[in-house]
Chemist: 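Sharing a structure here in structure tokens format.
Numbers here simply count residues along the sequence, with the first being 1. Note that the coordinates shown come from a computational prediction; the quantities given were computed from them, not determined experimentally.
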Amino acid sequence: IMPSLVGSEMCIRDRFIYLRTYLKTYIMGQILPGVVVAFENPKGGVGKSTLTALFAGYIHSQSNEEGGLSIAVVDIDDMQNTIGKLREDEAEDGIMKKEEEYEVINISSSEFINQLDFLQDNYDIILVDFPGNLKQNGVVETLHFVDVIIIPFEPNQTDLRPTLTFYYNIYEGIIESRRKIGKKTTVRGVMNRVLPNVLEFKEILKNKKTLPFELMQNYIKDSRVDYQRNLSTLSKAYHHPCDAFCEEVLELICNHIGE
């Protein structure tokens, strides 16, 4: 008998495990493949790698050997390779035990699609860290395989204009292409490095219904010293003040696979 969520106080993490393990087994006779997720915006400097490391740290900090979620961060930024190089540096410093941390995998964007079956068979969540441009070979093609995309931007016109250009000129077409082959895409925007009293932030909130995508309810306050200068791939370095945002992301993933 398939377990029921009705009347349950199941936490978001357990709900994800329930959905992945039971829902698709019950309906389709197989376990749901891992979900591909990305914080993506080709506008450079919006915090893609920072949010990727924070969310991966949150998931890993909530997990355990018996029943936790498995997550892999796949760095496809061939040039900067921010997270991949950071993990290598932390490993060389001897400050981490590999078996206690989430996986960080360096894969060229041109090879990502060829490795996707393996990734989806072995991990619950595949978190892709994209480069800061769309010109790198294979980047646009990889975008076609992202199930849940969260578009970060700072609440100012300098960030918002190119963000909207990316959505209308590139990503809207990708969503339609996925729809035609029966693939659902979940899209949200998130405001990063927010100073709540700044007028531009308040204006974006006031006019959020005019945006082509929904905004996350939570946003990331400006904490550059904590999140940028101290960026880490180690789970012990995870910043728990981001729990509410990360839980909203996980709930978004749950809703995506549960609909």
Chemist: If we only count heavy atoms from C-beta on, is the Glu154 to Val194 side-chain gap below 4.5 Å?
Modeler: no
Chemist: Is any side-chain heavy atom of Val73 closer than 4.5 Å to one of Thr233?
Modeler: no
Chemist: Does a donor on one side chain and an acceptor on the other come within less than 3.5 Å for Ser232 and Glu90?
Modeler: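 Their side chains do contain a donor-acceptor pair, which is all the 3.5 Å distance test asks for.
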Chemist: Strictly distance-based, threshold 3.5 Å: is any side-chain N or O of Asp75 a donor or acceptor partner for the main-chain N or O of Ile83?
Modeler: yes
Chemist: Would you mind reporting whether Thr186 and Asp147 have side-chain heavy atoms less than 4.5 Å apart?
Modeler: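 When only atoms from C-beta onward are counted, Thr186 and Asp147 do not touch, as no gap falls below 4.5 Å.
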Chemist: For the residue pair Ile76 and Val128, establish whether any side-chain heavy-atom pair is separated by less than 4.5 Å.
Modeler: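 Yes. Closest side-chain heavy atoms under 4.5 Å.
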Chemist: Taking Gln120 for its side chain and Gly34 for its backbone only, find out whether a donor-acceptor pair lies under 3.5 Å.
Modeler: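 Judged by distance alone, yes, a pair lies under 3.5 Å.
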Chemist: Using the test ring pair (Phe, Tyr, Trp, His ring centres under 6.0 Å), find all partners of Phe166 that sit at least two apart in sequence or belong to another chain.
Modeler: Tyr171
Chemist: Treating Glu248 as the side-chain partner and Asn218 as the backbone partner, does any N or O pair qualify as donor plus acceptor under 3.5 Å?
Modeler: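 Yes: the side chain of Glu248 pairs with the backbone of Asn218.
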Chemist: Centre-to-centre under 6.0 Å for Tyr58 and Phe245, is that the case here?
Modeler: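 No, they do not, as the ring centres are separated by 6.0 Å or more.
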Chemist: If you measure only the distance, is there a donor-acceptor pair under 3.5 Å linking the side chains of Asp78 and Gln136?
Modeler: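 Yes, because at least one side-chain N or O of Asp78 sits under 3.5 Å from a partner of the opposite role on Gln136.
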Chemist: Between Asp159, Thr163, Asn133, which is the residue that forms a side chain to side chain donor-acceptor pair (under 3.5 Å) with Lys43?
Modeler: Asp159
Chemist: Could I get the full list of ring pair (Phe, Tyr, Trp, His ring centres under 6.0 Å) partners for Tyr167, not counting sequence neighbours?
Modeler: Phe213
Chemist: Are Arg188 and Leu215 side-chain neighbours, meaning at least one heavy-atom pair lies under 4.5 Å?
Modeler: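 Heavy-atom side-chain distance check fails, nothing below 4.5 Å.
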Chemist: Could you tell me if the side chain of Val148 sits less than 4.5 Å from the side chain of Val36, heavy atoms only?
Modeler: no
Chemist: Any pair with a residue in residues 129-153 that passes ring-ring contact (aromatic ring centres under 6.0 Å, His included), sequence neighbours left out, goes on the list, sorted by first then second residue, please.
Modeler: none
Chemist: Less than 4.5 Å apart, any side-chain heavy atom of Val146 and any of Thr185?
Modeler: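 Contact flag for Val146/Thr185 side chains = no.
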Chemist: Is a donor on one side and an acceptor on the other found under 3.5 Å between the side chain of Asn207 and the backbone of Thr210?
Modeler: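 Side chain of Asn207 to backbone of Thr210, a donor-acceptor pair under 3.5 Å: no, none is there.
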